[in-house]
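Below is one structure; the comments refer to it alone.
First the proteins, then the strands, lettered A, B, ... as listed; each starts at 1. Given the structure is predicted, the values throughout are model-derived calculations rather than measurements.
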2 protein chains.
Amino acid sequence: MSNNQFKKSELYSFITGKASTAIARRLQKNFKQAGLDITIEQWSVLYHLWKEDGISQQQLCESTFRDKPSITRLVDNLEKLKMVKRVPSKDDRRINMIYLTPEAQNLQEQSMQLANQTLNEALVGVTHGQIEIAKEVLQQVYENLK
Amino acid sequence: MSNNQFKKSELYSFITGKASTAIARRLQKNFKQAGLDITIEQWSVLYHLWKEDGISQQQLCESTFRDKPSITRLVDNLEKLKMVKRVPSKDDRRINMIYLTPEAQNLQEQSMQLANQTLNEALVGVTHGQIEIAKEVLQQVYENLK
DNA sequence: TCTTTATGGTTGCATAAACAACTATATGTC
DNA sequence: GACATATAGTTGTTTATGCAACCATAAAGA
């Protein structure tokens, strides 16, 4: 039942997120090297819009696990970069629907390829089975705390 | 040999670090609730000083996986909070040795207890064996990219 | 309908990160 | 010893986060 007893040391890098920080830095570096001038946080917003275009800021909050002010400002910056457009909803005037511009649509293929490449770099020497378990653990942690 | 073929979807939350973000938020919340007024980033610096007091900023960069400007400013803020003190090295005048104040020494027990509690909250329903594998994966990712 | 409450989004403020450029001191080489 | 190079730390700028407070609109309840 309880995890109370096991050894915690070395587990604190979990908290500081060294692994995901390292992945994020590498992805950013790979973007830059390819001449892609967006931040990974902006990319994470585009990623969800590529899956479904025209969703509200609130939906972006949930799918990117960010709070409302963060999304407001990421959308601000993406709008400045002419990557997305805010379109007021006709049904509910509180809602902004966020749409990709053609320019952002063009980034999908290249950036996803760079993301895949980055994951491959990250996972050298890790087996498929280990990855599956790590995914399960991280998913469970997220479910426990969200 | 190659991880090229396996399914990448759902793995992108690895990049965005949803799990470690969730842990960090919960730890911050637990600190706050206990009346501990430090950020988790400041805590991560103190954590390494509790393990070894009187190390240089450069050593803190390496152990916390942060760059030099980040450590400069974290130490700035910790100094304002009277948690640490910069002491110029006599051997090498480029170096600041960072020492805990008694006040910071007193925080160790309580904050580590809160960190353990947070990990327990995070790992509910996860087995010891799964945790070991997740640790190995994250460690390998870090080694691959650092 | 009028009032309360909930929801979607924005703004202000403090902290932190990434990157580049910089200063000061040490080390290595001729 | 003089000059080049490396190392330790700081500063400036842009972007992002977390939290609280706020505004506008919608939905629910009396």
Listed by chain and number, what are the salt bridge (Lys or Arg N to Asp or Glu O under 4.0 Å) partners of A:D92, not counting sequence neighbours?
A:R94
Taking 4.0 angstrom as the limit, do B:K146 and B:E143 come out as a salt bridge?
yes
Going from CG on B:L114 to CD on B:Q33, what distance comes out if it is rounded to the nearest 0.5 angstrom?
9.5 Å
Could you tell me if A:Q58 and A:E62 have a donor-acceptor pair between their side chains, going purely by distance under 3.5 Å?
yes
List the steps and the verdict of side chain to side chain donor-acceptor pair (under 3.5 Å) for B:Q113 and B:E109.
CA-CA 6 Å; B:Q113 197 270 319; B:E109 196 181 345; over 6 Å; no
Between B:Q140 and B:E136, a side-chain donor and acceptor under 3.5 Å
no
Measure the spacing between CG of B:L49 and CD of B:Q105 and express it to the nearest 0.5 Å.
10.0 Å
Extract, from 5' to 3' on DNA chain C, the first and final nucleotides lying under 4.0 angstrom from some heavy atom of chain B.
C:dT15 to C:dA26
Have a look at B:N77 and say if it touches a base, only the backbone sugar-phosphate, or nothing, with a 4.0 Å heavy-atom cut-off.
sugar-phosphate
Tell me, which of residues 27-44 of chain B have any heavy atom that sits under 4.0 Å from an atom in DNA chain D?
B:K32
Would you mind reporting whether A:T127 and A:Q130 have side-chain heavy atoms less than 4.5 Å apart?
yes
Side-chain (B:W50) to main-chain (B:A104) donor-acceptor, under 3.5 angstrom
yes
Say whether, by atom type as modelled, one donor and one acceptor occur between the side chain of A:Q28 and the main chain of A:I40 under 3.5 angstrom.
yes
Contact list for DNA chain D against residues 85-96 of chain B - heavy-atom distance below 4.0 Å:
B:R86, B:R94, B:I95, B:N96
Under a 4.0 Å heavy-atom cut-off, which of residues 63-74 of chain B touch DNA chain C?
B:R66, B:D67, B:P69, B:S70, B:R73, B:L74
Between B:H48 and B:S63 (side chain of the first, backbone of the second, donor and acceptor by atom type, cut-off under 3.5 Å), is there such a pair?
yes
Which residue lies toward the 5' end of DNA chain D, A:K80 or B:R25, if each is placed at its nearest nucleotide?
A:K80
Compute whether any side-chain donor of one residue and acceptor of the other, for B:R66 and B:S44, lie under 3.5 angstrom apart.
yes
Counted 5' to 3', the first and last nucleotides of DNA chain D within 4.0 Å (strictly under) of a heavy-atom of chain B are D:dA6 to D:dA20
Within the 4.5 Å heavy-atom criterion, are A:L145 and B:E121 side-chain neighbours or not?
yes
Following the transitive rule for hydrophobic clusters with a side-chain heavy-atom cut-off under 4.5 Å over Ile, Leu, Val, Met, Phe, Trp and Tyr, establish whether B:I55 and B:I95 coincide in one cluster.
no
So, do B:Q42 and B:Y47 sit near enough that their side-chain heavy atoms are less than 4.5 Å apart?
no
